[in-house]
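Chain naming here is simple, since letters A, B, ... match the order of the sequence lines and numbering starts at 1 in each.
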There are 2 protein chains.
Amino acid sequence: MSHTCGIREARKRKSRRALLDAALGLLEDQSLSSLGLRELTRVVGMAPAAFYRHFRDMADLGVALVEESLGSLQGMIRAILAERDGDEERIDAVMEAVAEHVRRHPTHIRFIARERHGGVRPVREAIGAELGLLVDEVAAAFAPRLTPAGWPPEDVRMLAELYVDRMVTTATAFMEAQEDERERERIADTARKQLLLISLGRRHWRDA
Amino acid sequence: MSHTCGIREARKRKSRRALLDAALGLLEDQSLSSLGLRELTRVVGMAPAAFYRHFRDMADLGVALVEESLGSLQGMIRAILAERDGDEERIDAVMEAVAEHVRRHPTHIRFIARERHGGVRPVREAIGAELGLLVDEVAAAFAPRLTPAGWPPEDVRMLAELYVDRMVTTATAFMEAQEDERERERIADTARKQLLLISLGRRHWRDA
DNA sequence: CATTCCAGTAAACAGGTGTTCGCCGACCTT
DNA sequence: AAGGTCGGCGAACACCTGTTTACTGGAATG
C-alpha cells in the first residue's frame with residue numbers, strides 16, 4: 001500500500017461514468033427496458049463484456065441513475081424550506097431551485113419522468129422510495145406549524161404529497177419546454193399560482 | 001353489394017382487437033418501445049407479417065391504444081360535472097367514477113401512466129393532446145361560475161390542470177394498489193381530501 | 001358463376017441481441 | 001523485481017428482431 005496511486009480505481013470510475021452518461025444520452029428518445037447492452041457499450045467504445053464489470057444488468061444501472069438523479073434533491077429542498085419562512089418566499093425559492101436543477105440536469109429529469117412508471121420494476125420502486133423520502137422531508141418542514149394547529153400526521157402527509165407531486169410535474173414540464181425560455185417562464189408562473197392556491201387551501205383547512 | 005354479410009370486416013376487427021388486447025397484456029411488465037412485433041403476433045397466434053394489415057408500426061398501435069384508453073373519459077367527466085353541483089358532491093362522484101374505471105380497465109390505465117412520458121413520441125403526444133382536452137372539459141365546467149367572479153381564463157385553466165393532474169395521479173395510484181381494497185380506500189380518502197383542499201384554495205383565491 | 005379483393009401465411013433476408021469464455025496486460029502489492 | 005489482482009478484449013454461443021416477398025383461400029362483387 002506504499003506506492004498506491006489510485007489510478008486503477010480512477011479508471012474504473014471513469015468507465016462507469018461513461019456508461020452512465022452514455023445511457024442518459026440514449027435514454028433521451030427511448031426507455032430503459034428497450035436500451036440494449038451492446039448499444040450502450042458501442043457508444044462508449046468498450047467491449048460488451050466490460051459492462052458486467054460495473055453493473056449486474058440494465059436494471060442495476062437504472063437504479064444507480066435514480067440515486068444520482070434524486071439523491072441530491074432531498075438535501076436541497078430541506079435547506080430551502082429551513083431557511084425561508086412564509087409561503088410565497090418558499091414557493092419562489094423552490095421554483096427557482098427546481099428550474100435551475102432542470103436546466104443543469106435535463107437528462108436526469110427526463111429519465112425520472114420516463115421511468116417513474118416505466119417497465120423496469122426495481123427502477124420504478126427506487127424512484128418511488130426516493131420520492132417518498134422527499135415527501136417525508138416536506139412533511140417534516142410543515143409539521144412544526146401544523147401539528148400544534150390540530151393537523152393529524154396523515155393530513156400533513158397528504159398535503160406534502162400535493163406539494164411534491166406538483167414539483168415533479170412542474171420539473172417535467174420545464175424539461176419538455178427544452179430551450180424555449182418564454183414557455184419556461186409561463187410554466188413557472190402557472191406553477192407558482194398552483195402552489196399558492198394549495199397553500200391558500202391549507203390555511204383554511206381546519207375550518208372545514 | 002347484394003349478399004354482403006360483413007364477415008370479412010368482422011374478422012378483421014376481431015384480429016385487430018386481439019392485437020390490442022395482447023399488447024395491453026404484454027405491456028403490463030414492459031414499455032411500448034421494447035414491445036416486439038414478433039413477440040406480439042406470437043401471443044396472438046398470427047404470422048408476423050399480418051401485423052402490417054392493421055398497423056403501420058408499434059407507435060401506430062400505441063396511438064390507437066391511447067384513443068381507446070382516454071377517448072371515453074372526456075364525455076364521462078363532462079356528464080358528471082354537468083349533473084352535480086357543489087364541490088363535495090362533484091368530488092365524490094368523480095372519485096367513484098375514476099375508481100370504477102380503473103377497476104374495469106386497469107391495463108389501459110397502466111398503459112397511459114407508462115407511456116405518458118415514455119419513449120415513443122407519437123404516443124406521448126397523443127396522450128398529451130387527450131389530457132389537454134380533458135383539462136378543457138374541466139375548465140369549461142368551472143368557467144361559468146369563475147369568469148363572472150373575475151377569474152381570467154388562464155387562471156381557470158391553471159385550476160383545471162391542478163384538478164386533472166390530481167385525478168391522473170390518483171388513477172395511477174389505484175392501479176398500483178391492484179387488488180388491495182384497504183389500500184384503495186386509503187388512496188380514495190387522501191385524494192378526496194386533496195381535491196377538497198384545492199377547492200378550498202379556489203374559494204379564497206380572489207382575496208389574494 | 002366468374003372475378004376481384006384482401007387478411008393471413010411461410011420463407012428468407014440481413015441484421016441485432018444478452019451472456020459466457022479464456023486471455024492479455026497494466027496497475028497494485030509484498 | 002516477482003506475483004497477484006482485475007478492468008477490458010475478442011470470439012463464439014444460441015437466439016430473436018423488423019421487413020419484404022410471392023403465395024393461398026375464403027369472402028365480396030357484378
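Between B/Ala49 and B/Lys12, it is B/Lys12 whose nearest contact on DNA chain C lies nearer the 5' terminus. Nearest-nucleotide positions on DNA chain D place B/Met58 closer to the 5' end than the other of B/Arg11 and B/Met58.
OP1 or OP2 of C/dT19 sits under 4.0 Å from a side-chain N or O of A/Tyr52. Using a 4.0 Å cut-off, no side-chain N or O of A/Arg56 falls inside it from OP1 or OP2 of C/dT19.
For the pair B/Arg114 (side chain) and A/Gly118 (backbone), a donor-acceptor distance under 3.5 Å is present. Between the B/Glu115 side chain and the B/Leu32 main chain, a donor and an acceptor come within less than 3.5 Å of each other.
In this entry the distance linking CG of B/Leu40 with C1' of D/dG18 reads 13 Å, nearest Å. Between B/Phe55 atom CZ and C/dA7 atom C1' the separation is 14 Å, expressed in whole Å. Atom NE2 of B/His54 is separated from atom C1' of C/dA7 by 7 Å (rounded to the nearest Å). Between B/Leu37 atom CG and D/dT19 atom C1' the separation is 9 Å, expressed in whole Å. In this structure, B/Leu19 atom CG and C/dG8 atom P are separated by 8 Å, rounded to whole Å. With rounding to whole Å, A/Ile7 atom CD1 is found 11 Å from C/dT29 atom P. Regarding A/Arg53, its CZ atom lies at a distance of 12 Å from the P atom of C/dT20, rounded to whole Å. Distance, B/Leu26 CG to D/dT17 P: 11 Å, rounded to whole Å.
Here the CG-CG distance, from A/Leu35 to A/Leu26, works out to 5.5 Å after rounding to the nearest 0.5 Å.
Across all strands, B/Phe51 comes closer than 4.0 Å to no nucleic acid atom at all (heavy-atom distances). Contacts of A/Arg13 with the nucleic acid, taken as non-hydrogen atoms under 4.0 Å apart, are absent.
Using cut-offs of 30° and 60° on the angle between ring planes, the pair A/Phe55 and A/Phe51 is tilted.
For C/dC6, the base has a donor-acceptor partner in the side chain of B/Arg8 [N/O atoms by modelled type, under 3.5 angstrom]. If you check distances only, the side chain of A/Arg38 does reach the base of C/dG18 with a donor-acceptor pair under 3.5 Å.
Candidate nucleotides C/dC27, D/dG8, C/dT17 were compared by shortest atom distance to the side chain of A/Ser15, and D/dG8 ranks first.
Side-chain contact of B/Tyr163 with B/Arg202: a donor-acceptor pair under 3.5 Å is present, judged by distance alone.
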